Structures are given as structure tokens and as C-alpha cells.
Asker: 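One structure coming up, written as C-alpha cells, with questions to follow.
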Amino acid sequence: MSARGRYASRDYRWLPPAGCLWVRNAFDGSLIVLHPGEHTLVAGRTGAGKSILLRQLIRNAIPDIADGCVRAFGVDLKDGVELDRWSPWMQIADNLDATIAVLEQVDRERGERNTLLREQGSDKVEVSRDLPLIALIVDELAELAGGVDKNTRSQQERARFLLDRILRLGRAAGITVVAASQDPRKERLPVRDAFPNRIALALNSREEATMLMGEDAVRDGCAPHAIPSSTPGVGYWHDRARHRAVRFRCPYQPGL
């Protein structure tokens, strides 16, 4: 039996197709699913539970990683504190030099896959063991801007250039980028607009909520600015197709 099959046998509820990233909503058992190529920006103030969400996404991907349907890369510019524990399952970069190397590798594979799609007359990669989903997890995205010296700024600029190209051209190639940040402002996140999907954990104000999620999402009921500090892992996702706000809570598992 595959790793996914063993995982599903312990959890009788429906699981999404291989190659999707997902987290279960502890409020009602439903799933928030990130389909291949659905680049997602996660934002929330300090203590909002960004790490809880990222850990759940990675943990839930492990059966697919073990089965060869997902290859995972992590960029952890908080000195590796958050993602290093997952190094058996993903390649981790914890400084700017390593980050550039990882982004260059992912971008190179993006180019090769897009060339293959063109030759085959296809418009997107069908995730499989031959062409697994490439999942790129970035924490903290704001560390790719605001360097204090010329060398750091040059490295950050190179990293942003690569990440922007992956975001723009990687969707069809079977690449999903999930990036987390404390600050949703565009001046801190120059590539913010390249993330079509947004998840908001607790934010400081309605202005920040609108900045991240958009006017329609706030009008439909997304209220991350009303989430108390005592509930880390609670957030909102906007279901645009149904014009509804989805309030969720990430399952908390000690040790993750």
C-alpha cells in the first residue's frame, strides 16, 4: 500500500488528489485545498499561527512526498528555526546564498517543464511520479527585501527576480509556492500581487485585511482583524467562486 493509502486508512474522511497541498479545518472537518499552481500568500501578525499552518501543509504532504508525487523545497530566512525539522522531507535554504541556489534549481526545472509542455502540445503538467508537484514553502517572505548593505540588497534582488519568474511562469509547470509573512504591505512584499490566493490569519486592522484579501473578501465576511491573539491558527480564506468567507482553524498537534 502507498504511503497515501496508509494515511487515508487512518483518516476515513476524503483526501484531495495527489499533488494538492491541504489543511483540515478543525471547526468542521472540511478541507482548504491548494491545487497545483495555486500560489498562496499567508499573512498574520506575530503569534497568529503562520508556523502552525505551514507545518500542517508540510505534514499533510509527507505521504505524497514519500510516494514521489511531491518534491518539496523550503526557504526559511528565520535562520532555519521553523522549517529545519522537516529537512528529511524537503530541501531547506536558511540563508540568502542557499535561497538563491534553491530558487535557481526550481526555476531551471520550471523552464525544462515548460519546454516539455510546448513540445507535447500540452497546457499544464499532470502531477505524477514522473512529474511530481514542486512545492516551494517560503518563510519569512519579507526577508527578501529591505537589506541594509549593498551585498544583501543585491542578493535579495536576485532572489526576488527568480521568485517572481517562478510565480509568473510556474503554474502550468506544476509548481505551487506558499509564502508567509507578518506584514501584508506591498512595500514589504514586492511580489505580493503575483499570489492569486490569499490566506489571512490574525491581522492588526481592517485596512490590513483589505490590503491582503481585497474589498470583496472583507465585504463577504473575512474579518482577520477581529481574530483575538488567544487563538493562533485561526484564519480566513475567501471562496471567490461562492462569494463566501471561510473561517478555519488549523489542527494543533504538539511537537509539530
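This structure is a prediction, so every number in the text was calculated from the model and none was measured.
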Asker: Side-chain contact test, heavy atoms from C-beta onward, threshold under 4.5 Å: evaluate it for Val234 versus Leu201 and give yes or no.
Answerer: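 Counting from C-beta outward, Val234 and Leu201 never come under 4.5 Å.
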
Asker: Identify which one of Leu189, Val138, Leu212 satisfies the side-chain contact (heavy atoms from CB on, under 4.5 Å) criterion when paired with Ser181.
Answerer: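 When side-chain contact (heavy atoms from CB on, under 4.5 Å) is applied between Ser181 and each of Leu189, Val138, Leu212, only Leu189 qualifies.
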
Asker: Which residues pass the side chain to side chain donor-acceptor pair (under 3.5 Å) test with Arg185, sequence neighbours left out?
Answerer: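 By the side chain to side chain donor-acceptor pair (under 3.5 Å) rule, Arg185 matches Asp183.
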
Asker: Could you walk me through whether Asn197 and Phe195 pass the side chain to side chain contact (heavy atoms under 4.5 Å, CB included) test, one step at a time?
Answerer: CA-CA 6 Å; Asn197 194 41; Phe195 290 90; over 6 Å; no

Asker: Can you list everything that forms a side chain to side chain contact (heavy atoms under 4.5 Å, CB included) with Ala217? Sequence neighbours excluded, please.
Answerer: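 Per chain and number, Ala217 pairs via side chain to side chain contact (heavy atoms under 4.5 Å, CB included) with Met213, Cys222, His238.
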
Asker: What distance separates Glu38 CD from Ile175 CD1, expressed to the nearest 0.5 Å?
Answerer: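 Output value for this atom pair is 15.0 Å.
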
Asker: So which heavy atom on Cys69 is nearest to which on Arg129, and how close?
Answerer: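 Distance-wise, the nearest heavy atoms are SG-CG, 4.1 Å.
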
Asker: Quick one: closest heavy-atom pair of Ala159 and Leu144, and the distance?
Answerer: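 Minimum heavy-atom separation between Ala159 and Leu144: CB-CD2, 3.9 Å.
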
Asker: Between Ile166 and Val125, is there a shared hydrophobic cluster once you connect ILVMFWY residues whose side-chain heavy atoms come closer than 4.5 Å?
Answerer: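 Different hydrophobic clusters.
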
Asker: Once rounded to the nearest 0.5 Å, what's the spacing between atom CG of Asp76 and atom OG1 of Thr99?
Answerer: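 Atom-to-atom, Asp76:CG and Thr99:OG1 are 9.0 Å apart.
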
Asker: Are side-chain heavy atoms of Asn204 and His225 found at a separation under 4.5 Å?
Answerer: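 No - every pair of side-chain heavy atoms lies 4.5 Å or more apart.
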
Asker: Return the minimal non-hydrogen interatomic distance between Val23 and Pro251, and the atom names on each side.
Answerer: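 It is CG2-CD, 4.2 Å.
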
Asker: If Ile, Leu, Val, Met, Phe, Trp and Tyr residues are connected whenever their side-chain heavy atoms lie under 4.5 Å apart, and connections chain through other members, are Val75 and Leu54 in the same group?
Answerer: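 No; Leu54 is not reachable from Val75 via cluster members.
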
Asker: Between Arg244 and Asp220, does a salt bridge (Lys or Arg N to Asp or Glu O under 4.0 Å) hold up when you go through it step by step?
Answerer: CA-CA 5 Å; Arg244 67 187 183 102; Asp220 289 339; over 6 Å; no

Asker: Quick one about Glu82 and Ser51 (side-chain donor to acceptor, distance below 3.5 Å, no hydrogens or angles considered), yes or no?
Answerer: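 Checked: Ser51/Glu82 side chains pair up, N/O donor to acceptor below 3.5 Å.
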
Asker: Distance from Thr115 atom OG1 to Arg110 atom CZ, nearest 0.5 Å?
Answerer: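 Here the interatomic distance stands at 8.0 Å.
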
Asker: When rounded to the nearest 0.5 angstrom, what is the spacing between CG in Leu77 and CG in Asn95?
Answerer: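 One finds 8.0 Å between CG of Leu77 and CG of Asn95.
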
Asker: Holding to side chain to side chain donor-acceptor pair (under 3.5 Å), I want the full list of residues that pass it with Asp149, two or more places apart in sequence or in another chain.
Answerer: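 For Asp149 the side chain to side chain donor-acceptor pair (under 3.5 Å) partners, ignoring immediate neighbours, are Thr152.
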
Asker: Does anything in residues 152-163 form a salt bridge (charged side-chain N to carboxylate O under 4.0 Å, His left out)? List the pairs, not counting sequence neighbours.
Answerer: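 Only Glu104-Arg158 qualify under salt bridge (charged side-chain N to carboxylate O under 4.0 Å, His left out).
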
Asker: Just wondering, do Val70 and Pro132 contact through their side chains at under 4.5 Å, heavy atoms?
Answerer: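 No, every pair of side-chain atoms sits at 4.5 Å or beyond.
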
Asker: Are Trp22 and Leu34 close enough that some pair of their side-chain heavy atoms sits under 4.5 Å apart?
Answerer: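 SC-SC contact between Trp22 and Leu34 ruled out.
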
Asker: Are the side chains of Leu15 and Asn60 in touch, meaning some heavy atoms are under 4.5 Å apart?
Answerer: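 They are not in contact (no side-chain heavy atoms under 4.5 Å apart), so the answer is no.
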
Asker: Determine whether Phe161 and Leu103 make a side-chain contact, defined as any pair of heavy atoms from C-beta on separated by less than 4.5 Å.
Answerer: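 Counting from C-beta outward, Phe161 and Leu103 never come under 4.5 Å.
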
Asker: What verdict does the side chain to side chain contact (heavy atoms under 4.5 Å, CB included) test give for Ile227 and Tyr236, after you've listed the backbone C-alpha separation in whole Å, the side-chain angles of each residue and the deciding distance to 0.1 Å?
Answerer: CA-CA 10 Å; Ile227 299 173; Tyr236 284 90; 4.0 Å; yes

Asker: Please confirm whether the backbone N or O of Arg24 pairs with a side-chain atom of Gln56, one donor and one acceptor, at under 3.5 Å?
Answerer: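 Answer holds: no.
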
Asker: Distance alone, cut at 3.5 Å: any donor-acceptor contact between the side chains of Arg45 and Ser229?
Answerer: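 Distance-only check passes for Arg45 and Ser229.
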
Asker: Got a sec, which residues hit salt bridge (charged side-chain N to carboxylate O under 4.0 Å, His left out) with Arg206, two or more places apart in sequence or on another chain?
Answerer: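 Listed in chain order: nothing, the list is empty.
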
Asker: Might you point out which heavy atoms bring Leu31 and Pro16 nearest each other, and give the distance in Å?
Answerer: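 Looking at all heavy atoms of both residues, the shortest contact is CD1-CD, 3.5 Å.
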
Asker: Let me see the working for Lys124 and Arg171 under side chain to side chain contact (heavy atoms under 4.5 Å, CB included), right down to the final yes or no.
Answerer: CA-CA 8 Å; Lys124 68 176 181 178; Arg171 185 174 186 273; over 6 Å; no

Asker: List the steps, then state whether side chain to side chain contact (heavy atoms under 4.5 Å, CB included) holds for Leu96 with Gln156.
Answerer: CA-CA 7 Å; Leu96 283 171; Gln156 290 173 332; 4.0 Å; yes

Asker: Determine whether more than 12 heavy atoms belonging to other residues, nucleotides or ligands lie under 6.0 Å from atom CD of Gln120.
Answerer: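 Result for CD/Gln120: enclosed.
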
Asker: Among the clusters formed by ILVMFWY side chains lying less than 4.5 Å apart, do Trp89 and Leu21 turn up in the same one?
Answerer: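 Per the 4.5 Å side-chain linkage, Trp89 and Leu21 are co-clustered.
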
Asker: Roughly how far apart are Lys78 NZ and Asp139 CG, rounded to 0.5 Å?
Answerer: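 The distance works out to 4.0 Å.
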
Asker: Starting from Ile58, can I reach Leu133 by hopping between I/L/V/M/F/W/Y residues whose side chains sit under 4.5 Å apart?
Answerer: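 Leu133 and Ile58: one cluster.
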
Asker: Check the pair Gln182 / Thr46 against side chain to side chain donor-acceptor pair (under 3.5 Å), numbers first and verdict last.
Answerer: CA-CA 6 Å; Gln182 295 179 18; Thr46 301; 3.0 Å; yes

Asker: Looking only at heavy atoms, which two atoms of Val127 and Pro36 are closest? And how far apart?
Answerer: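 Closest approach of Val127 to Pro36: CG2-CG, 4.0 Å.
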
Asker: Does one hydrophobic cluster hold both Ile199 and Leu41, with members joined at side-chain heavy-atom distances below 4.5 Å?
Answerer: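 Cluster IDs for Ile199 and Leu41 differ.
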
Asker: Arg165 and Asp107: which non-hydrogen atoms are nearest, and at how many Å?
Answerer: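 So the two residues come closest at NH2-OD2, 2.5 Å.
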
Asker: Give, for atom OG of Ser30 and atom CG of Asn25, the distance between the pair rounded to the nearest 0.5 Å.
Answerer: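 The distance works out to 4.0 Å.
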
Asker: Tell me whether Ser128 contacts the main-chain N or O of Asp130 through its side chain, where contact means a donor paired with an acceptor under 3.5 Å.
Answerer: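 Yes.
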
Asker: Taking Lys50 for its side chain and Ala180 for its backbone only, find out whether a donor-acceptor pair lies under 3.5 Å.
Answerer: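 Side chain of Lys50 to backbone of Ala180, a donor-acceptor pair under 3.5 Å: no, none is there.
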
Asker: What residues form a salt bridge (charged side-chain N to carboxylate O under 4.0 Å, His left out) with Glu109, not counting sequence neighbours?
Answerer: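 Glu109 satisfies salt bridge (charged side-chain N to carboxylate O under 4.0 Å, His left out) with Arg71 only.
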
Asker: Is the shortest side-chain heavy-atom distance between Asp94 and Asp84 below 4.5 Å?
Answerer: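 Result no, sub-4.5 Å side-chain heavy-atom pair not found.
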
Asker: So do the side chains of Thr176 and Leu136 get within less than 4.5 Å of each other, counting heavy atoms only?
Answerer: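 No. Closest side-chain heavy atoms not under 4.5 Å.
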
Asker: Please determine whether the number of non-hydrogen atoms from other residues, nucleotides or ligands lying under 6.0 Å from atom CZ of Arg113 exceeds 12.
Answerer: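 Yes, because the 6.0 Å sphere around CZ of Arg113 holds more than 12 heavy atoms from other groups.
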
